[in-house]
Amino acid sequence: MQPSPAAGEPGGKIGAMSESGWRPWTGRVGAFVLGAVLLVATVLKALDPQAFADQMVAEGLTFGLPAMTAALLALAVEGALGLALVLGIRRTPVLVAASALVAFFLLLTGRSWWNAAHGVVAESCGCFGNLVQRTPAVAFWSDLAMLVPPLLLAWVGRRRDPGLPARRLAAVACGTAALVLLAWRAPELPLDDLATRLRPGVEVAAVCTGGDQPACLADLMPELREGSWWVTLVDVESDPERWADALSAASAASEVPIVALTASPSDAVSAFTWQWGPTFPLREGPAPLLRPLHRRLPRSFLTTDGRVVATTPGLPPVPPVVQGDLSR
Amino acid sequence: MRARFVLPTLLLATAIASGSPARGQQIPADAVLRDFEPTGEYVLEVGDVPLPALKMFRSRPAGSAVLIMGNGIPGPLLLVPRERAVKRVPAGKVVVGDDGVAFVLADAQLTRESAFATEGRDVLFTVGNTMARLREKPHLVGPHPASDLASHDVGYAFRAGRYSPSAPVVQALRAVRTPVRVRVFFGSWCPHCSETVPKVMKVGEALSGSPVQIEYYGVPSGFQDDEAKRLGVNSVPTGIVYVGGREVGRISGFEWNIPELAIKKLVDKAAAAR
C-alpha cells in the first residue's frame with residue numbers, strides 16, 4: 001500500500017522516513033547555520049544598499065545593469081537562499097545554488113586577498129556591509145570557516161525526495177520580497193545609527209579602518225579628544241549647492257566649532273574651496289575610514305571629549321539667531 | 001583756551017586725510033575681511049614671471065579669501081572665492097598686526113579687477129591686462145631642515161610663533177645626556193601637519209644646541225615613498241624617536257598637542273628601560 005503524501009508536501013511520509021537518523025539532523029543544523037549567515041549578511045547589506053552597490057561597481061559585478069538594480073537582485077538571491085536554508089529546504093537545487101554562492105564569495109575574497117598580497121590596493125570585502133570591516137585575509141578565512149563547513153553538513157543531510165515544499169517556498173518568496181523592500185526603502189528610514197559605525201556612545205578613538213596599520217579618526221582629527229565639536233561628513237563633488245553655503249553660515253554662527261570631513265580627492269577639495277569659499281575647515285580623510293560612517297551625505301555628529309554624543313542627518317542644527325544664509 | 005585743541009585737531013584731520021593706516025586705527029567689527037593669516041601655499045606668476053617675494057594671507061572667516069600684497073603688483077589684491085572675483089584693495093587699507101595677522105579696513109572701497117578661473121589647482125586671472133597665475137608650490141619631499149619648511153611656507157613660521165613650549169620640559173630635555181633624534185614625517189600638503197609641525201619647529205628651536213635633534217622628512221601625498229614604507233609610516237605627522245640610536249617609540253595623533261612632552265615621555269621610557 002502506497003502511503004498518501006501530505007497535502008502540499010510532496011514526498012509526504014516517504015520524506016518523513018528519510019528524515020530519521022543522524023544525517024537529517026546534521027543537514028538541518030548545517031543548513032540552518034549557513035542560512036542564518038547568509039540572512040545576516042543580506043540584512044546588513046540591505047541597511048546601506050548604496051554601499052553594496054558601490055562595492056559591486058568596484059568589483060565589476062554589475063554585469064551591465066544599473067548598480068542599484070544589480071545590488072537589489074544580488075540581495076534577493078542571497079536572501080532567498082538564506083531563507084530557504086533556514087526554513088529547512090535542503091533539496092538539491094537549493095544546495096547547488098547555495099554552493100555556487102559560497103564559491104562566488106570565496107572567489108571574491110580570495111581575489112581581494114591575492115590583490116592585497118601583490119600590492120594592489122584592496123579594501124576589505126563589503127560582504128557584510130559597512131558594519132563589519134575585515135582585511136582581505138580575514139575576509140577569506142572567515143568566509144571559508146563560516147560557509148564551507150555548514151554547507152558540507154547541509155549536503156550530507158540533504159533531502160532526496162523530489163519537488164519543493166510549496167508552503168515554505170511561499171514563505172521564502174514573501175521574505176525575499178520583504179528584504180528587497182527593506183533594501184529599497186532603507187535609505188529613507190532613520191537607520192543611520194543602526195546601519196553605520198557612527199552612533200551615540202562610540203569613542204572617536206575606536207573609529208578605525210581594519211588591517212595591520214589601521215587609520216583612525218582620532219589620528220585624523222586629534223582635536224576631537226577635547227571639548228565639543230560638530231563634524232560634518234560631506235562629498236564636495238556631490239550637490240554642494242545644497243549644503244556648502246548653509247554649512248558656512250552655520251560655522252560662522254555656531255558656538256560649537258564645526259569641521260567638515262571628506263573622502264573626496266585633493267583636487268576636488270581645492271576646486272570646491274575656490275568655488276564655494278567655505279568658512280569652515282575642510283579636512284580630507286581616507287574613504288575606507290569614512291565610508292562606514294554614513295549612508296547618505298551630508299551627515300553630522302557631535303563629539304564631546306572624544307565621544308560621539310549625537311548624530312543627525314544633514315548639517316548641524318543651525319542656531320536660531322542665524323536666519324539668513326550666504327546664498328548667491 | 002580753544003588754541004589747545006587746534007593742533008590735535010589738525011593732526012587728526014591730517015591723519016584721516018592721508019588715508020595711511022595708523023596702528024591704532026579701528027579694526028573693523030565686521031567679521032568678513034579680517035583674520036588673514038600668512039600662507040605660503042602659493043606663488044604668483046604675472047606674465048609668466050614668478051613673484052616669490054609677494055606676501056600672501058588667507059582668511060577662513062572671509063570665505064577662504066586670499067590677500068596678496070607686495071612689490072610686483074600695483075597694490076593689494078583680494079581673491080574672493082564666493083564671487084570668483086579678484087578685487088583691488090586701495091593702498092593703505094590693509095593692516096598687518098604685530099602678530100602677523102592682516103585685516104582690510106572697514107572703509108576700504110574695493111574695486112573689481114577681474115574674474116578668476118581655476119585650472120586644475122591653479123587660479124587664473126588678470127592684473128591690469130596681464131595674465132596672472134596663482135600656482136600651488138610643489139610639495140616638500142624627502143629630508144629637509146627646519147629652515148626649508150619655514151622658507152617653503154611662511155605659515156609654518158607664523159604658527160610656530162604662536163606656540164610656547166613648556167619651559168620645564170624643554171629644560172629637562174636639554175639636560176638629557178644620551179643623544180636623542182626625532183624624525184618627523186610630515187606632508188606639506190597635509191592641513192593637520194601645517195598646524196602641528198610648526199609647534200615641533202618651535203620646540204626644535206628651543207632645543208637648539210642640546211642632545212635632542214629634530215629632523216624633518218616630507219612624505220608625498222599617497223605615501224609612495226621608500227623611506228616611509230620602510231619605516232612603516234602610513235600617516236602624517238608621525239615622529240620616530242631614537243635614543244642612543246635605537247627606536248624607542250613613535251609620536252602620532254593627539255600626542256602632538258604638546259610635542260616636547262611627547263618626546264620627553266619616550267626619552268623617560270627609554271631611560272627607565274635601561
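Just so we're on the same page: letters track the sequence lines, and every chain starts at 1. Heavy atoms only: backbone and side chains are in, while hydrogens, waters and symmetry mates are out.
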Exercise. For A/Pro281, is it the side chain, the backbone, both, or neither that has a heavy atom closer than 4.5 Å to a heavy atom of chain B?
Worked result: both
For this session: Name the option with the most non-hydrogen atom pairs under 4.5 Å to chain B; the candidates are A/Pro278, A/Pro286, A/Ser270.
Result: A/Pro278
Problem set entry | Top contributor to chain B contacts, counting heavy-atom pairs under 4.5 Å, from A/Leu282, A/Leu224, A/Thr273, A/Leu220 | A/Thr273
For this session: Answer yes when B/Glu227 and B/Arg183 have at least one side-chain N-carboxylate O distance shorter than 4.0 Å, and no when they do not.
Result: yes
Problem set entry | salt bridge (Lys or Arg N to Asp or Glu O under 4.0 Å): pairs with one or both residues in residues 54-65 of chain B, sequence neighbours excluded | B/Glu41-B/Arg58
Exercise. Pick one: which of A/Arg299, A/His294, A/Arg295 meets side-chain hydrogen bond (donor to acceptor under 3.5 Å, both in side chains) with A/Thr196?
Worked result: A/Arg299
For this session: Among residues two or more places apart or on two chains, list those pairs meeting salt bridge (Lys or Arg N to Asp or Glu O under 4.0 Å) that have a residue in residues 269-285 of chain A.
Result: A/Glu223-A/Arg283
Problem set entry | Aromatic ring proximity A/Trp243/A/Phe272, centre distance under 6.0 Å | yes
Seminar exercise, completed: Whatever's closer than 4.5 Å to a heavy atom in chain A on B/Val66 counts as side chain
Problem set entry | Part of A/Ser266 within contact of chain B (heavy atom distance under 4.5 Å) | both
For this session: Using non-hydrogen atoms and a 4.5 Å limit, figure out which bit of B/Thr118 sits close to chain A: side chain, backbone, both or neither.
Result: side chain
